[in-house]
Amino acid sequence: MTLKLYNTLTRCKQTFVPLEPGHVKMYYCGVTVYDYCHLGHARACIIWDIARRYLSWRGYTVRYVQNFTDIDDKILNRAKAEGSSMQAVSERFIQAYFEDMARLNVMEADEYPRATHTLDGIKRLIHDLEQKGYAYPASGDVYYSVRAFHNYGQLSGRKLEDMQVGAGGRTEVTDTDDPEAPKKKDPFDFALWKAAKPGEPAWDSAWGAGRPGWHIECSAMVRDRLGDTIDIHAGGNDLIFPHHENEIAQSEPVTGKPLANYWLHNGMVNVAGQKMSKSLGNFTTIRNLLDSGLNPMALRLFILQAHYRKPIDFTDEAIASSQNSWETLKEGLLFGYKFGHSLGWIDTKDSSFGDPAAMRIDADSELVQRFQTAMDDDLNTSGGVAVLFEMAKELRKTGNILTHAGKTDTDSQSLRQQWQTLVVLAQVLGLEAKQTEETPSTTSPVPEKIEALIEQRAAEKKAKNFAAADRIRDQLKAQGIVLVDKPGGLTEWHLE
RNA sequence: GGCGGCAUAGCCAAGUGGUAAGGCAGAGGUCUGCAAAACCUCCAUCCCCCAGUUCGAAUCUGGGUGCCGCCUCCA
């Protein structure tokens with residue numbers, strides 16, 4: 001079986017073949033750190049986290065690099081508004097980023113280059129572009145000459161003559177507010193270097209003090225950290241044009257090589273059918289969402305239910321559905337912790353128990369194969385999740401039978417295999433159930449007391465004082481203790 | 001104006017030529033004093049519309065309709 005990925009550059013699904021067998025160089029265009037991350041960022045981060053996890057699971061050694069854009073007008077504006085500095089603002093939101101991602105169980109990248117740490121590489125690249133005739137200085141700024149690059153538009157599939165300048169509605173052709181407009185030879189040219197403005201951070205350069213434009217940092221970081229050509233370049237589909245188009249234009253004339261072999265783009269998160277974005281004001285931050293009680297794994301499921309290239313709609317109903325879905329999956333994932341001991345598994349107390357890295361599963365089993373087939377098809381996560389649910393429901397059922405009947409017909413080792421397969425595959429999607437989620441720390445119930453109450457309830461039932469019997473049941477329920485009446489007048493209890 | 005995408009049950013969603021995965025929600029039954037839990041069962045003759053190709057179409061082709069994204073802030 002081969003992994004196929006949809007490549008924006010070629011507009012089709014292609015068999016993934018890395019530059020170097022067994023190794024993958026992957027770069028994800030990360031966030032501009034001027035505010036807390038919202039659900040849209042969560043989607044991108046989770047999807048590329050899963051791409052990376054899946055590649056690793058498929059046996060590749062993945063080198064995963066993600067940048068932080070920490071030089072930007074929006075960061076500066078925020079710093080000004082707060083009477084703070086650009087550095088202080090970006091540090092704060094980088095910290096917040098790490099906090100949010102840890103909660104979402106997004107693995108850390110191998111490296112997190114920042115624009116402010118890549119100035120040498122940026123200046124070198126601009127210098128090379130200038131030497132080769134792709135860039136020109138203009139009163140302290142340096143611009144990229146779009147018409148000098150014949151392949152311009154290859155990624156986004158557009159021609160310069162077909163594009164409307166300012167169609168995005170933010171700049172107008174004759175806009176006098178755009179101070180760069182008169183300096184550009186062509187309206188489509190973009191800034192590689194911006195001359196310093198008074199009171200703003202600036203770095204020395206051959207063109208005078210200033211700061212880099214937005215697109216150049218990614219070209220420079222990829223080159224510095226991963227080399228001239230990488231395997232996978234990922235990001236939101238709103239970055240295809242101009243950001244990724246410009247990255248190609250900046251890198252390829254200098255190196256003479258493709259910047260990336262596979263360009264992968266995720267779809268947007270929508271609210272009421274429209275893209276979630278800062279400018280529309282319809283965004284929800286990750287931390288707000290999680291602080292309001294949404295389980296991070298439920299949020300993952302929300303994102304995984306749809307294919308990564310399609311838009312997904314953020315609604316209360318969808319979130320509630322994901323929350324309930326997670327409860328189902330979680331029961332399957334916790335099976336080993338709840339029943340392993342009673343099934344005679346001897347290692348349930350070991351520190352490595354439940355660790356997917358220590359588990360060996362049957363890679364040829366039908367379920368694993370189905371999972372892999374789905375994921376091999378351009379990361380069809382919703383197909384993969386379906387396999388997880390089938391396994392989780394089966395385990396939940398067995399667990400329920402164990403709770404209610406005390407025994408099961410399925411043999412212990414086979415159950416162990418089923419459980420481990422679920423845990424391992426869930427881990428590939430970054431879905432993990434913490435054992436601690438299960439046990440409420442509020443009250444540790446005293447078994448003798450409960451037994452006494454159960455006996456008391458049985459007596460009340462016998463005397464047909466059902467109201468009194470129900471009060472006892474409700475009282476225990478409030479403490480998280482669920483009573484199970486079984487045939488023959490027996491009552492058992494377990495924690496919720 | 002240019003480029004691209006999407007349309008499948010009450011909701012979300014996979015499936016891209018062989019007769020509709022999965023999730024959420026819902027219904028009936030068993031059990032029960034009633035519940036809860038559990039167990040069993042059910043839940044799209046059909047995939048936006050029209051025409052065509054084919055033995056066979058949700059899937060391919062042509063034409064519509066509707067919605068969305070990008071066109072120098074963007075994940």
Side-chain angles (χ1 to χ4, degrees), chain A residues 8 11 28-32 34 37-48 72-74 146 153 156-171 178 180 187-191 213-215 234-243 245-246 265-270 273-279 301-302 304-307 309-313 315 317-318 320-326 328-329 370 374 377 380-390 393 396-397 399-401 403-405 461 464 466-467 469-470 473-474 477 482-487 492 494 496:
Chain A
T8 305
R11 279 151 214 284
Y28 159 50
C29 265
V31 294
T32 303
Y34 72 104
C37 288
H38 59 62
L39 191 52
H41 300 112
R43 183 182 196 190
C45 294
I46 286 172
I47 279 300
W48 305 125
D72 175 84
D73 284 339
K74 291 187 290 300
V146 162
S156 54
R158 48 190 91 200
K159 300 179 179 115
L160 288 174
E161 52 270 28
D162 290 338
M163 288 194 287
Q164 278 183 10
V165 171
R170 289 180 302 281
T171 54
D178 180 7
E180 293 175 356
F188 291 110
D189 290 351
F190 56 90
W214 172 37
H215 315 293
N237 69 11
D238 52 351
L239 296 183
I240 295 171
F241 190 90
H243 186 57
E245 194 70 72
N246 290 353
H265 293 98
N266 64 274
M268 300 291 102
V269 174
N270 288 174
Q274 280 195 308
K275 177 180 168 178
M276 176 178 286
S277 73
K278 299 267 172 169
S279 45
L301 275 180
F302 165 68
L304 290 173
Q305 70 176 332
H307 185 85
R309 283 191 283 117
K310 284 195 179 180
I312 46 172
D313 225 36
T315 60
E317 202 178 4
S321 169
S322 300
Q323 190 84 270
N324 288 336
S325 301
W326 170 242
T328 299
L329 200 52
R370 274 173 56 204
D377 183 14
N380 181 350
T381 52
S382 97
V385 166
V387 176
L388 260 51
F389 271 101
E390 284 180 40
K393 288 215 151 181
R396 179 175 71 170
K397 195 161 116 183
N400 286 331
I401 289 169
T403 302
H404 286 261
K461 275 170 75 176
K464 304 233 183 279
F466 296 121
D470 289 351
R473 185 170 66 195
D474 293 343
K477 171 97 170 128
V482 180
L483 298 188
V484 182
D485 287 339
K486 299 167 92 167
E492 291 195 348
H494 62 90
E496 212 163 10

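Letters go in sequence order (proteins before strands), and every chain restarts at 1.
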Say we look at [N] and [M]: how far apart would their [atom1] atoms be, to the nearest angstrom?
N	M	atom1	answer
B:C6	B:A13	P	13 Å
B:C50	B:A57	P	15 Å
B:U54	B:C11	C1'	35 Å
B:G62	B:U19	C1'	25 Å
B:G17	B:U30	C1'	44 Å
B:U16	B:U61	C1'	14 Å
B:U59	B:A51	P	14 Å

Which nucleotide wins on minimum distance to the side chain of [X], given the candidates [options]?
X	options	value
A:F188	B:A75, B:C34, B:U72	B:U72
A:H404	B:A38, B:C73, B:G69	B:A38
A:M268	B:A75, B:C74, B:U72	B:A75
A:D162	B:G2, B:G69, B:C24	B:G2
A:F241	B:C70, B:A75, B:C39	B:C70
A:Q274	B:A38, B:G69, B:C71	B:G69
A:V269	B:A75, B:G2, B:G4	B:A75
A:R11	B:C74, B:G2, B:G4	B:G4
A:K397	B:C40, B:G23, B:G33	B:C40
A:A386	B:A35, B:C68, B:A21	B:A21

Q. Under a 4.0 Å N-O cut-off, is there an ion pair linking A:E390 with A:R370?
A.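 Salt bridge: yes.
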Exercise for the section: Output yes when A:R473 and A:D470 qualify as a salt bridge under the 4.0 Å nitrogen-oxygen rule, no when they do not. Expected result: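 Salt bridge flag = yes for A:D470 with A:R473.
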Worksheet item: Any side-chain heavy-atom pair from A:F188 and A:P242 closer than 4.5 angstrom?
Response: no
Notebook entry, point to check: Do the rings of A:W48 and A:Y28 sit parallel, tilted or perpendicular, given the 30° and 60° boundaries?
Noted result: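 Rings of A:W48 and A:Y28: tilted, as their planes differ by 30° to 60°.
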Compare the aromatic ring of A:F466 with the six-membered base ring of B:G33 and state whether they stack according to the 5.5 Å and 30° rule.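 A:F466 ring centre within cut-off of B:G33 base, planes near parallel; stacks.
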Could you check A:T328 against A:D72 and say which one's nearest nucleotide on RNA chain B is further toward the 5' end?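 Its nearest nucleotide lies further toward 5', so the answer is A:T328.
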Taking any strand in view, what nucleotide pairs with [N] in a Watson-Crick or G-U wobble way, both distances under 3.5 Å?
N	answer
B:A75	none
B:A51	B:U61
B:U19	none
B:C46	none
B:G10	B:C24
B:C3	B:G69

For atom [atom1] of [X] and atom [atom2] of [N], their distance in whole Å:
X	N	atom1	atom2	answer
A:R158	B:G5	CZ	P	12 Å
A:K159	B:C70	NZ	C1'	17 Å
A:H265	B:G69	NE2	C1'	13 Å
A:W326	B:C24	CH2	C1'	16 Å
A:I401	B:A37	CD1	C1'	13 Å

- Query: Looking at A:L301, A:L304, A:L388, which hits side-chain contact (heavy atoms from CB on, under 4.5 Å) with A:T381?
  - Reply: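 For A:T381, the side-chain contact (heavy atoms from CB on, under 4.5 Å) test succeeds with only one of A:L301, A:L304, A:L388, which is A:L304.
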Ignoring hydrogens and angles, answer whether the base of B:C34 and the side-chain atoms of A:R473 contain a donor-acceptor pair closer than 3.5 Å.
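Checked by distance alone, the answer is yes.
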Per-nucleotide protein contact along nucleotides 14-20 of chain B, 5' to 3', at a 4.0 Å heavy-atom cut-off (B base, S sugar-phosphate only, - neither), is SS-----
